[in-house]
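Note that the numbering runs from 1 along the sequence shown for the chain.
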Amino acid sequence: MREVDQGPISRLGPLGIWSFQLDVQPMARAQQAVAELDDLGFAALWVPEAIAREPFASAALLLSAAPRIRVATGVASLHARTAMTMNAGWRTLNEAFPDRFLLGIGVSHQTMVDGAHQGQYGTKPYSTMVDYLDTMDNSEFWGAAAPVAPQRVLAALGPRMLRLAAERGIGAHTYFVPVEHTAVARDALGPDALLAPAQTVVFETDPAAARQIARQFMSRYLALPNYTNNLRRLGWGDDDLSDGGSDRLVDAIVAWGSLEQIADRVRAHLDAGADHVCVQVQTGNAQYLPLAEWRELASIIPSLRARPAV
């Protein structure tokens, strides 16, 4: 784990939570859960944008439920709103909750953009991101000024987008990646940018049961070229990517087993260059709120904070 001073919001701490499950709870229940995550010592909560809650509204409600925890979008799609609207939402939340909202922006996926958003994904996602950031940064905003500057990360997997994340934000949020990608991402970002990979975990020690849950989670992502192309860049082949994923790929993408085995995967990301690992608990039931698993994860936070820099 590195010791780099990047400004207040970048010091997210070593461990956060990435959760879709909160989106499908009644908001009052989600707010109670976030207050508990705050009390447990998690520094950040990452919320998605896909087929559930609108992330800016959700972030505002969740931030209002706890005094310390930061909320990050993992990630807000640039195809879901204009650059001016994205800029306004970002600055509004930053003014209301100074240094507690981190905007994650991504280009999403062609199936989502062309279908759900009724947009046009196009053939040049990198150029789309550059143009969008340019428009966003040149947008007028007459709202109240915040005491601290807003900060953002980019969803990035390939080398060009990773470099852009360091140039046009404070760093990158990576998703559906093995530890080997974290080392590659650190090299592409350089030493000073924030790197926050998501790590999916299954609290199950039986290999067959754990891999069944993992494959259920992985199935939707193995159908998305952004993720499979990234894995191919790392050397994973057709045999690994087909039929739900090889055991070797499943084990690389999803950490399963005991708390200590899961903690070892978090440590591996930190040793490979991550600053912050956001853990997504999967149980096979999207409606289940994994409070028990989050409480277990909280027990390793002190040891992660005490680790020496590498």
Side-chain angles (χ1 to χ4, degrees), residues 6 10 46-51 54-56 72-91 93-94 101-141 149-177 181-198 220-236 241 273:
Q6 299 162 302
S10 306
W46 296 73
V47 297
E49 174 167 46
I51 54 175
E54 195 285 320
F56 285 88
T73 51
V75 290
S77 171
L78 59 80
H79 292 279
R81 53 193 58 81
T82 68
M84 182 176 181
T85 302
M86 183 82 82
N87 182 61
W90 178 36
R91 293 182 180 277
L93 282 173
N94 184 62
F101 177 68
L102 178 60
L103 175 62
I105 306 176
V107 295
S108 190
H109 304 274
Q110 184 162 7
T111 54
M112 178 65 72
V113 173
D114 294 351
H117 292 309
Q118 299 181 0
Q120 292 185 335
Y121 187 77
T123 60
K124 297 181 178 180
Y126 176 85
S127 297
T128 298
M129 176 65 82
V130 171
D131 292 344
Y132 189 90
L133 294 176
D134 287 345
T135 303
M136 186 177 171
D137 291 346
N138 289 321
S139 297
E140 288 188 288
F141 179 72
Q151 294 187 310
R152 69 189 175 205
V153 294
L154 304 186
L157 294 173
R160 293 182 73 203
M161 196 70 82
L162 285 163
R163 289 192 292 270
L164 185 69
E167 295 166 2
R168 301 294 300 272
I170 63 169
H173 174 47
T174 59
Y175 190 87
F176 203 73
V177 294
H181 183 268
T182 294
V184 170
R186 173 50 61 201
D187 287 342
L189 285 167
D192 299 329
L194 176 73
L195 176 55
R220 71 195 70 133
Y221 299 109
L222 288 176
L224 297 173
N226 304 42
Y227 293 124
T228 55
N229 290 341
N230 182 57
L231 290 170
R232 290 183 190 281
R233 279 193 296 266
L234 296 172
W236 299 89
L241 298 170

Is there a side-chain contact between Leu154 and Leu133, using heavy atoms and a 4.5 Å cut-off?
yes
Whether Arg163 and Asp187 form a salt bridge (side-chain N of Lys/Arg under 4.0 Å from carboxylate O of Asp/Glu) is what I want to check.
no
For Ser77, is there any backbone N or O sitting under 3.5 Å from a side-chain donor or acceptor partner on Glu49?
yes
Report the distance from atom CH2 of Trp90 to atom OG1 of Thr73, rounding to the nearest 0.5 Å.
10.5 Å
Check: Leu164 main-chain N/O paired with Arg160 side-chain donor or acceptor under 3.5 Å:
no
For Ala165 and Ala172 the tightest heavy-atom approach is CB-CB, 3.9 Å
Contact summary for Pro55 and Pro48, nearest pair of heavy atoms:
CB-O, 4.0 Å
Tell me the closest heavy-atom pair linking Ala193 and Arg186, and the distance in Å.
O-NH1, 2.9 Å
Roughly how far, to the nearest 0.5 Å, is CG of Asn94 from CZ of Phe101?
9.0 Å
Taking the side chain as every heavy atom from C-beta outward, state whether Ser139 and Asp137 have any pair of such atoms under 4.5 Å apart.
no
Whether Thr228 side chain and Leu222 backbone form a donor-acceptor pair below 3.5 Å
no
Check for a donor-acceptor pair, side chain of Thr85 on one end and backbone N or O of Arg81 on the other, with a separation under 3.5 Å.
no
Sidechain-backbone polar pair: Tyr132 side chain, Val107 backbone, donor-acceptor under 3.5 Å:
no
For Glu140 and Met84, the nearest pair of non-hydrogen atoms, with its separation, is O-CE, 4.2 Å
Rounded to the nearest 0.5 Å, what separates atom CG in Asp192 from atom CD1 in Ile170?
12.0 Å
Between CG of Leu194 and CG of Leu102, what distance do you get to the nearest 0.5 Å?
7.0 Å
Intermediate values then yes/no, side-chain contact (heavy atoms from CB on, under 4.5 Å), Phe56 and Leu93:
CA-CA 8 Å; Phe56 285 88; Leu93 282 173; 3.7 Å; yes
What are the two closest non-hydrogen atoms of Ala76 and Leu103, and how far apart are they?
CB-CD1, 4.2 Å
State plainly whether the residues Arg168 and Asp134 are in salt-bridge range, i.e. N to O under 4.0 Å.
yes
Under 3.5 Å donor-acceptor, His181 side chain and Leu157 backbone
yes
If the condition is side chain to side chain donor-acceptor pair (under 3.5 Å), which residues does Thr135 pass it with, not counting sequence neighbours?
none
Is Asn230 reaching over with its side chain to a backbone N or O of Asn226, donor-acceptor style, under 3.5 angstrom?
no
Under 3.5 Å, is there a donor on one side chain and an acceptor on the other for Tyr227 and Tyr175?
no
Looking only at heavy atoms, the pair that brings Val75 and Gly104 closest together is CB-O, 3.4 Å
Would you call Met136 and Arg152 a side-chain contact if the rule is heavy atoms closer than 4.5 Å?
yes
Within the side chain of His173, is there an N or O that forms a donor-acceptor pair under 3.5 Å with the backbone of Ala196?
yes
Do Leu162 and Leu189 have side chains that approach each other closer than 4.5 Å (heavy atoms only, starting at C-beta)?
yes
Sequence neighbours left out, what pairs pass salt bridge (charged side-chain N to carboxylate O under 4.0 Å, His left out) with at least one residue falling in residues 221-234?
Arg232-Asp238
